[in-house]
Protein chains: 2
Amino acid sequence: MVQKSVPKRGRPRAYDPDKALRNARDVFWERGFSGTSLDDIGAATGMNRPSLYAAFGGKHALYMKAFDTYRRTSRRMIDVVLAPDIPLSEGLQHFYAEALDTYVPKHGKARGCFMIATGVTEAAQDADVRKALGDALHDIEKALEVRFAAAKKAGEISASSNPRALAMMASAALYSMAIQSRTGVPRKALQAIADAAIETLCAGSNKSRTRITTP
Amino acid sequence: MVQKSVPKRGRPRAYDPDKALRNARDVFWERGFSGTSLDDIGAATGMNRPSLYAAFGGKHALYMKAFDTYRRTSRRMIDVVLAPDIPLSEGLQHFYAEALDTYVPKHGKARGCFMIATGVTEAAQDADVRKALGDALHDIEKALEVRFAAAKKAGEISASSNPRALAMMASAALYSMAIQSRTGVPRKALQAIADAAIETLCAGSNKSRTRITTP
DNA sequence: CGATTTTTGTACCATGTCGTATAAAATCCT
DNA sequence: AGGATTTTATACGACATGGTACAAAAATCG
């Protein structure tokens, strides 16, 4: 996961870099970039300041690494649930179900989307964050557009439909869930957003009407 | 606007409370709550620390006042553009056009929605922000739902349409514009989101197809 | 074992931050 | 003018913050 390999000589690391990065990410996720101190991260990872520095290179670099990890994980999930051999509406149901589980974990408090919850605020002042967030959202929308275009070609949705517009709406619904989950809106109401999106965007395609929930 | 009146005696204020509140709001808007220091606010308002304190009562209280002001302004705008005597699709065009002008001012850099850009991050840790943001978003969605319900009753949209679902999608499009504007997405692409929403949600009602842009 | 290498842990520094104490300034009232 | 009242301006205090220096610790290699 993390490229830095363990050296042959010298004192061994007292931490697991991947685990530490996840824990640091969780702190940023909860408190935001500006709201998180290196002491918070030290406490969450069990690492002292110089180790944090050697491993990740300062607060900003650490945040960007956490951002990138989250982005990659999201991307992998999307590629799985939007595979073109899964029916469109079923794929979208999985898409939103996976997102919902991330935004409102079964155990633990609601946290929303890491990128939206922490990146949007910083984007105005931090060019790195602005670019990373912009690229990440663009990727999501593009993946949806590709899927809708395939669905159009396959006759899953109307031949007159506009894949780009549908992707915009589908991603918008995701962002709405990301935002509202963090305000304490209950799972059921968030699920209703997903349902509304699927109902609105897959008007024709009703090969699968079963509600998908994770076990 | 601000309830605190000028007293009859004593040294007169050197600042205009409403103007100061707007300037403070703009700093929070740009840097977020945690990313803003009282020195930043002092510089932006021209007020020194004790005056800020006396006028607004500390950083958090000042932020909440700014939030409330923004929320009220948004609410007024929404009530105007979604008045039931304006055709639905025209009203929505105004709705998104107004939002766009707020998110990407004609002069000055893109900033998105104050509530989403600054509130989502803090919502996880700050119960006041969480409630204010949740209430504000709920208000927006409710106003849209009421308008869609009226449109349904008036035959502007299909009798089988679901006003609540339509409101969810319409608000989601707004939030998407709010987020993406802050990542630097150009006006044209943001307008495309609005167009996609209107196209998707007002499928039947095409009394007005003219693009609305502010002068 | 002793030299080498890498990480750890403590302490530290310079700066930033929130909030307040206190005295001077500017107005009104009599 | 003189007292009363309110705001301003400076300064400050206690603490938090990001980042670093440095010696001790723990491993490998010869």
Side-chain angles (χ1 to χ4, degrees), chain A residues 2-21 23-25 27-28 30-67 118 121-122 125-126 128-129, chain B residues 2-21 23-25 27-28 30-67 118 121-122 125-126 128-129:
Chain A
V2 161
Q3 63 280 35
K4 183 169 268 182
S5 55
V6 9
K8 293 203 190 312
R9 308 232 305 220
R11 181 170 174 171
R13 287 201 193 93
Y15 58 91
D16 171 19
D18 291 318
K19 192 170 178 181
L21 183 54
N23 288 343
R25 178 207 59 186
V27 180
F28 281 130
E30 168 78 13
R31 311 169 102 88
F33 176 76
S34 295
T36 298
S37 74
L38 286 185
D39 283 346
D40 293 332
I41 293 171
T45 58
M47 295 167 70
N48 46 37
R49 213 79 66 92
S51 295
L52 276 172
Y53 230 80
F56 305 112
K59 187 183 174 185
H60 188 262
L62 173 53
Y63 173 79
M64 293 310 295
K65 281 195 171 63
F67 193 104
T118 70
T121 303
E122 305 300 324
Q125 290 245 297
D126 185 325
D128 295 331
V129 172
Chain B
V2 161
Q3 64 279 33
K4 184 169 270 182
S5 54
V6 291
K8 293 204 190 311
R9 309 231 306 217
R11 181 170 174 171
R13 287 202 193 93
Y15 58 90
D16 171 21
D18 291 318
K19 193 171 178 178
L21 183 54
N23 289 343
R25 178 207 59 186
V27 181
F28 281 130
E30 168 77 12
R31 310 169 105 87
F33 176 76
S34 295
T36 299
S37 73
L38 287 184
D39 283 347
D40 294 332
I41 294 171
T45 59
M47 295 168 67
N48 46 37
R49 210 82 62 99
S51 295
L52 276 172
Y53 248 82
F56 305 112
K59 187 182 175 186
H60 189 262
L62 173 54
Y63 174 78
M64 294 310 295
K65 281 196 170 63
F67 194 105
T118 70
T121 302
E122 304 300 325
Q125 289 245 296
D126 186 324
D128 294 331
V129 172

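Please read all numbers here as calculations on a predicted model, not as lab measurements. Order of the sequence lines sets the chain letters (A, B, ...), proteins ahead of strands, with each chain counted from 1.
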For B:Ala20, does its backbone N or O pair with a side-chain atom of B:Asn23 as donor and acceptor, under 3.5 Å?
-> no

Any side-chain heavy-atom pair from B:Asp40 and B:Glu30 closer than 4.5 angstrom?
-> no

First encountered from the 5' end of DNA chain C, between A:Gly46 and B:Ser34 = A:Gly46

Between atom CD1 of B:Ile41 and atom CG of B:Leu52, what is the distance when rounded to the nearest 0.5 Å?
-> 6.5 Å

Does a side-chain heavy-atom distance below 4.5 Å link A:Leu62 with A:Arg25?
-> no

To the nearest Å, give me how far apart OH (B:Tyr15) and P (D:dT6) are.
-> 13 Å

A:Ser51 side chain N/O closer than 4.0 Å to the phosphate oxygens (OP1, OP2) of C:dT7?
-> no

If you find the nucleotide of DNA chain C closest to B:Asp39 and the one closest to A:Asn48, which residue's nucleotide is nearer the 5' end?
-> A:Asn48

base_contact_polar (D:dG18 base, A:Arg49 side chain, donor-acceptor, <3.5 Å) = yes

Stepwise side-chain hydrogen bond (donor to acceptor under 3.5 Å, both in side chains) test for B:Thr118 and B:Tyr63 = CA-CA 10 Å; B:Thr118 70; B:Tyr63 174 78; 2.7 Å; yes

Could you check how far NZ of A:Lys59 sits from C1' of D:dG18, rounded to whole Å?
-> 8 Å

Quick one, give me the B/S/- string for nucleotides 22-30 of chain D, reading 5' to 3', where B means a protein heavy atom under 4.0 Å from the base and S means that only happens at the primed atoms, P, OP1 or OP2.
-> ---BBBBS-

Could you state the CD1-P distance from A:Ile41 to D:dG19, rounded to the nearest angstrom?
-> 10 Å

Taking CG from B:Leu52 and C1' from C:dT20, how many angstroms apart are they, rounded to a whole number?
-> 14 Å

Could you state the CE-P distance from B:Met47 to D:dA9, rounded to the nearest angstrom?
-> 10 Å

Where the side chain of B:Leu38 is defined as all heavy atoms beyond and including C-beta, which of D:dT8, C:dG19, D:dT20 is the nearest nucleotide?
-> C:dG19

Look at the side-chain N and O atoms of A:Tyr53 and state whether any lies under 4.0 Å from the OP1 or OP2 oxygen of D:dG18.
-> no

Here the distance between atom P of C:dG16 and atom CZ of B:Arg31, to the nearest Å, is 13 Å

Starting at atom NE2 of A:His60, determine the distance to atom P of D:dG19, rounded to an integer number of angstrom.
-> 10 Å

Would you say the side chain of B:Phe67 lies within less than 4.5 Å of the side chain of B:Glu122, judging by non-hydrogen atoms?
-> no

Here the distance between atom C1' of D:dG18 and atom CG of A:Leu62, to the nearest Å, is 13 Å

Donor-acceptor pair, side chain of B:Lys59 and main chain of B:Phe33, under 3.5 angstrom = yes

N or O in side chain of B:Ser37 less than 4.0 angstrom from C:dT17 OP1/OP2 | yes

